[in-house]
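These numbers were taken from a predicted model, which means no experiment stands behind them. Just so it is clear: chains get the letters A, B, ... in the order the sequence lines come, proteins before strands, and each one is counted from 1. Keep in mind that the numbers below use all heavy atoms, side chains included, and drop hydrogens, waters and symmetry copies.
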Protein chains: 2
Amino acid sequence: MSVGTAKKRYVRAPHLGPERRRPQILDAALKLVADNGVRALNMEAVAQALGVTKPVVYACFTSREDLLNALLEREEIRLFEGVMAALPKKVDITNPQQLMTDGFRALFNAVDNNRDSWRLVFSVEADPAVAARLQEGRRLVSQRVSLLVGAWLKLLGAKDAKRRLPILVTLFMSICEGMVRSLLDKSNDWSIDELSAYVGRLVLAAFEEA
Amino acid sequence: MSVGTAKKRYVRAPHLGPERRRPQILDAALKLVADNGVRALNMEAVAQALGVTKPVVYACFTSREDLLNALLEREEIRLFEGVMAALPKKVDITNPQQLMTDGFRALFNAVDNNRDSWRLVFSVEADPAVAARLQEGRRLVSQRVSLLVGAWLKLLGAKDAKRRLPILVTLFMSICEGMVRSLLDKSNDWSIDELSAYVGRLVLAAFEEA
DNA sequence: GGCTGTTCCTACGCTCATGTAGGATATTTA
DNA sequence: TAAATATCCTACATGAGCGTAGGAACAGCC
């Protein structure tokens with residue numbers, strides 16, 4: 001074939017510059033991790049997803065670890081917002097049932113509206129590069145839950161509250177995490193409203209025995 | 001220094017042969033994973049732990065994946081035994097409290113007596129080489145739990161049992177997993193007897209609302 | 001002691017992913 | 001339009017881990 005009519009083998013990517021590429025890269029990285037797990041997140045794959053080459057990615061993030069951290073930094077805002085909004089400011093004794101149901105509904109909706117971000121959290125556990133950050137996030141949420149459960153125990157007038165508290169926090173966190181996980185991979189036939197009402201009722205029953 | 005008095009730089013490992021090395025290798029691998037996570041499991045590390053070189057390991061297991069599978073195959077016997085023994089044969093309506101407490105106690109003891117094996121389970125989740133095997137294990141346990149919870153729902157005469165079942169199973173499994181996890185990394189001031197009694201009471205309360 | 005077969009070790013090749021140097025191309029500026 | 005600058009691409013260096021070929025040391029047997 002003649003040189004004149006030969007098609008270019010690739011399309012050279014537009015000159016956007018690091019500033020405008022950063023968010024694109026984070027988007028691509030999020031999708032990669034959410035779809036195929038953290039192990040699928042490598043610089044080559046990210047570059048390809050954008051129709052670009054590695055050095056372009058490295059111009060935005062100095063390393064894979066840097067990229068992953070930046071991704072988490074961006075997502076954790078959304079994530080925390082969802083979780084913290086689900087937790088009530090104060091424990092309202094007049095209607096604990098409502099409190100639970102509303103909380104779970106808020107959580108489940110937050111998850112359902114940001115599935116990829118939430119998948120990220122669970123995928124990323126496998127990666128040591130961000131283990132510390134993740135653990136810190138969990139600690140923060142636990143702390144908040146601890147406050148609320150502590151208040152609840154006080155209202156109940158439970159004996160031995162100080163000792164029971166960590167167990168109850170663990171229990172509550174496990175339940176939340178389990179339900180969120182199942183929300184992310186199974187798509188069962190429960191609406192979020194139904195599910196939060198049911199789970200809320202069950203969990204409340206347990207906590208009334210606390 | 002003279003050649004005659006030069007110390008050997010290494011001790012050549014005894015000639016045991018693959019047959020007798022296999023269990024040693026599995027032990028070393030288990031310890032590695034339990035202590036430092038799956039990522040720490042590489043053939044070189046395993047070899048070093050035994051004072052041996054890689055080809056010796058490869059004489060016993062054809063690949064890293066093979067080794068990991070063999071390890072899980074060996075451990076899962078112990079693991080299943082613990083879990084299945086914790087689950088009652090039949091749902092005894094006369095004393096459900098006892099049923100729960102005994103179950104949790106059996107589970108927690110099984111975990112506490114095989115901490116490394118259980119750590120393995122949670123570490124290994126990060127590795128795609130055995131993801132399928134792990135998932136299958138979970139499925140088997142779920143199935144068994146499902147049977148029991150199904151029977152329980154029948155005894156309760158719960159409405160909509162079929163639809164509620166999977167939610168309850170997820171809930172129950174999440175709680176178990178969460179408690180086991182916390183048993184493995186925190187060493188709190190609860191005895192296993194106390195803990196199982198308390199958790200049993202809470203979970204029962206929830207399930208009476210099922 | 002010498003022979004045979006087993007077991008172990010040294011040394012290397014391969015692949016995949018990270019990260020970088022330097023040239024090519026586009027865009028902006030003068 | 002031509003130089004200066006920003007951005008991108010090709011090509012390579014490096015390192016970790018997997019897996020293997022072939023020679024060295026040992027054990028048991030005659």
Check: Of the non-hydrogen atoms in L120(B) and E75(B), which two are nearest, and what is the gap between them?
Finding: CD2-CG, 3.7 Å
Check: Roughly, in whole Å, what's the span from CZ in F61(A) to P in dT18(C)?
Finding: 14 Å
Next item on the list: Grab the NE2-P distance between H15(B) and dA27(D) for me, whole Å please.
Entry: 6 Å
Please tabulate, one pair per line, each protein N/O and nucleotide N/O from nucleotides 1-3 of chain C that are separated by under 3.5 Å, including the distance.
none

Check: Tell me the salt bridge (Lys or Arg N to Asp or Glu O under 4.0 Å) pairs involving residues 52-67 of chain A, sequence neighbours left out?
Finding: R64(A)-D127(A)
Margin query: Tell me which residues in residues 26-43 of chain B lie within less than 4.0 Å of DNA chain D, going by non-hydrogen atoms.
Written below: N42(B), M43(B)
Check: Within this structure, what is the CG-to-P distance between L67(A) and dA17(C), rounded to whole angstrom?
Finding: 15 Å
Notebook entry, point to check: What is the distance from CZ of R64(B) to P of dC18(D), rounded to the nearest Å?
Noted result: 6 Å
Check: Under the side-chain hydrogen bond (donor to acceptor under 3.5 Å, both in side chains) test, which residues partner Q98(A), sequence neighbours left out?
Finding: D102(A)
Check: Pairs in or reaching into residues 173-184 of chain A: which pass salt bridge (Lys or Arg N to Asp or Glu O under 4.0 Å), with residues at least two apart or in two chains?
Finding: E125(A)-R181(A), R138(A)-E177(A), E177(A)-R181(A)
Next item on the list: Check whether any side-chain heavy atom of V199(B) lies under 4.5 Å from a side-chain heavy atom of V203(B), and answer yes or no.
Entry: yes
Notebook entry, point to check: Looking at R21(B), does any N or O in its side chain come under 4.0 Å of the phosphate oxygens OP1/OP2 on dC8(C)?
Noted result: yes
Note to self: Going by the rule side-chain contact (heavy atoms from CB on, under 4.5 Å), which residues pair with E209(A) if we only count those two or more places apart in sequence or in a different chain?
What the structure shows: R201(B), L202(B), A205(B)
Check: When the distance from CD of E65(B) to P of dG17(D) is rounded to whole Å, what number comes out?
Finding: 18 Å
Margin query: Under the ring pair (Phe, Tyr, Trp, His ring centres under 6.0 Å) definition, can you give me all pairs with a residue in residues 105-129 of chain B, not counting sequence neighbours?
Written below: F104(B)-F108(B)
Next item on the list: Side-chain contact test, heavy atoms from C-beta onward, threshold under 4.5 Å: evaluate it for N188(B) versus I167(A) and give yes or no.
Entry: yes
Note to self: What I'd like to find out is whether the side chain of V83(B) reaches to under 4.5 Å of the side chain of R144(B), using heavy atoms alone.
What the structure shows: no
Margin query: Which residues in residues 119-134 of chain B have a heavy atom closer than 4.0 Å to any atom of DNA chain D?
Written below: none
Notebook entry, point to check: By side-chain contact (heavy atoms from CB on, under 4.5 Å), which residues pair with D92(A), not counting sequence neighbours?
Noted result: T94(A), L99(A)
Notebook entry, point to check: Is there side-chain contact between V124(B) and R133(B), with heavy atoms separated by less than 4.5 Å?
Noted result: no
Notebook entry, point to check: To the nearest Å, how far apart are R12(B) CZ and dA27(D) C1'?
Noted result: 11 Å
Check: With A70(A), which residues qualify under side-chain contact (heavy atoms from CB on, under 4.5 Å), at least two apart?
Finding: L26(A), F61(A)
Check: Rounded to whole angstroms, how far apart are CG on L16(A) and P on dT25(C)?
Finding: 19 Å
Notebook entry, point to check: What pairs of residues pass the salt bridge (Lys or Arg N to Asp or Glu O under 4.0 Å) test when at least one of them lies in residues 41-52 of chain A, not counting sequence neighbours?
Noted result: none
Next item on the list: Return the residues of residues 44-58 of chain A meeting this criterion: a heavy atom under 4.0 Å from some atom of DNA chain C. Order them by number, or give none.
Entry: K54(A), P55(A), Y58(A)
